[in-house]
Amino acid sequence: MSPMYFSLTSAFILGLMGLALNRSHLLSALLCLEGMMLTLFITTAIWSMTSNSTSSSIIPMILLTFSACEASAGLAILVATSRSHGSDKLQNLNLLQC
């Protein structure tokens with residue numbers, strides 16, 4: 001395995017582990033998700049460059065678009081919860097309460 005693929009794989013796994021193990025704040029969970037999406041974007045961009053196919057060159061742009069939509073929705077949820085609950089701690093949020 002080349003060092004580039006190893007670093008991309010380890011960055012994705014670190015983001016996944018941070019998302020799974022660090023559940024204290026909503027902002028840290030959103031940052032872990034964003035790191036995972038950026039790693040996937042870089043991986044698909046490298047894959048589309050190495051495949052030399054014109055049909056696969058649009059896949060990284062679609063992934064980047066979904067990543068931007070995910071980030072904006074996450075920030076909107078973060079602002080809404082910090083206004084309603086006073087903080088972004090995940091322990092204070094009760095999903096069953098309206």
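Below, each value reflects all heavy atoms present in this structure, side chains not excepted, and no hydrogens, waters or symmetry copies. Sequential numbering from 1 along the given sequence is applied to the chain's residues.
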Cluster link Leu63 to Ile46, ILVMFWY, side chain under 4.5 Å: yes

Spacing of Phe41 atom CZ and Ile62 atom CD1 [to the nearest 0.5 Å]: 12.0 Å

Leu30 reachable from Leu38 in the ILVMFWY side-chain graph, under 4.5 Å edges: no

Shortest non-hydrogen contact from Leu19 toward Cys32: N-SG, 3.8 Å

Path from Phe12 to Phe6 over hydrophobic side-chain contacts below 4.5 Å: yes

Joint hydrophobic cluster, Leu8 plus Leu16, side-chain heavy atoms closer than 4.5 Å: yes

Fellow cluster residues of Met17, listed by chain then number, with links counted only when side-chain atoms sit under 4.5 Å apart: Ile13, Leu21

Straight-line distance of Ser82 OG to Ile77 CD1, nearest 0.5 Å: 12.0 Å

Distance, nearest 0.5 Å, that separates CG of Leu78 from CZ of Arg83: 11.0 Å

Polar side-chain atom of Ser51 near backbone of Ser48 as donor-acceptor pair, under 3.5 Å: yes

pair Trp47-Ile59: side-chain heavy atoms closer than 4.5 Å: yes

Glu70 side, atom CD; Thr65 side, atom OG1 - distance, nearest 0.5 Å: 12.5 Å

Point-to-point distance, once rounded to the nearest 0.5 Å, from CG of Leu31 to NE2 of His25: 12.0 Å

For the student: nearest non-hydrogen atoms of Ser67 and Met37, plus distance: OG-CB, 3.6 Å

Same apolar cluster: Met49 and Ile58, side chain cutoff 4.5 Å: no

Leu27 CG to Asp88 CG distance, which is reported to the nearest 0.5 Å: 6.0 Å

